[in-house]
Amino acid sequence: MNYVDLGSAHNDTILLLHGGGLSWWNYREAARFLKNEYHVLLPILDGHAGSDRPFTTIEENATVTQTIYGGSFPVSQHSDGRLGRLICLRHYCIVDHFRL
């Protein structure tokens with residue numbers, strides 16, 4: 001899974017998940033705003049623009065995303081929320097909704 005990584009890895013991490021049919025650039029402005037205070041991770045979900053693999057399932061994307069990033073961290077996402085819920089239910093991350 002390809003991803004964009006912004007900000008210092010020494011800061012608290014926040015994961016921004018783009019919606020269906022989009023890509024990391026969907027969060028470009030938010031990421032630029034957040035990168036000064038957070039370590040911002042923007043995975044490029046499989047089958048979306050800039051990805052390195054074809055789409056398989058939401059469950060597979062959740063497994064790969066959590067394997068890469070691990071840990072507990074705030075998550076923000078677009079779309080219907082299935083991917084974020086799967087990641088959090090399996091791995092106990094903190095779900096935090098915010099608006100910029």
Side-chain angles (χ1 to χ4, degrees):
M1 178 178 285
N2 291 334
Y3 62 94
V4 174
D5 183 332
L6 300 171
S8 172
H10 298 290
N11 292 339
D12 291 337
T13 298
I14 185 166
L15 182 68
L16 304 179
L17 298 171
H18 65 78
L22 303 170
S23 192
W24 75 272
W25 43 258
N26 189 76
Y27 272 112
R28 184 177 305 154
E29 293 303 315
R32 286 182 185 155
F33 176 79
L34 293 167
K35 74 178 184 176
N36 294 324
E37 294 186 35
Y38 293 93
H39 179 214
V40 182
L41 299 174
L42 302 115
I44 302 172
L45 303 177
D46 294 341
H48 293 78
S51 68
D52 59 347
R53 299 179 351 170
F55 180 79
T56 53
T57 66
I58 297 259
E59 291 80 6
E60 177 66 19
N61 271 264
T63 299
V64 171
T65 301
Q66 189 60 36
T67 299
I68 292 170
Y69 304 117
S72 294
F73 38 75
V75 174
S76 177
Q77 73 172 52
H78 287 186
S79 205
D80 67 6
R82 290 180 290 163
L83 180 58
R85 283 195 303 272
L86 279 171
I87 292 169
C88 292
L89 287 172
R90 290 180 182 175
H91 304 285
Y92 311 104
C93 67
I94 302 164
V95 178
D96 187 16
H97 297 85
F98 64 93
R99 185 181 305 192
L100 297 176

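We use all heavy atoms of the structure for the numbers below, so side chains are in, but hydrogens, waters and symmetry mates are not.
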Can you tell me how far the [atom1] atom of [X] sits from the [atom2] atom of [Y], to the nearest 0.5 Å?
| X | Y | atom1 | atom2 | answer |
| --- | --- | --- | --- | --- |
| Leu34 | Leu42 | CG | CG | 9.5 Å |
| Leu16 | Tyr38 | CG | OH | 11.0 Å |
| Tyr27 | Leu15 | OH | CG | 9.0 Å |

Task: Closest non-hydrogen atom pair between Asn2 and Ser51, with its separation - done: ND2-C, 3.7 Å
Open item on the list: Looking at every heavy atom in both Asp5 and His39, which two are closest together, and how far apart are they?
Closed with: OD1-NE2, 2.8 Å
Open item on the list: Between Ile14 and Leu41, does the side chain to side chain contact (heavy atoms under 4.5 Å, CB included) criterion hold? Intermediate values first, please.
Closed with: CA-CA 6 Å; Ile14 185 166; Leu41 299 174; over 6 Å; no
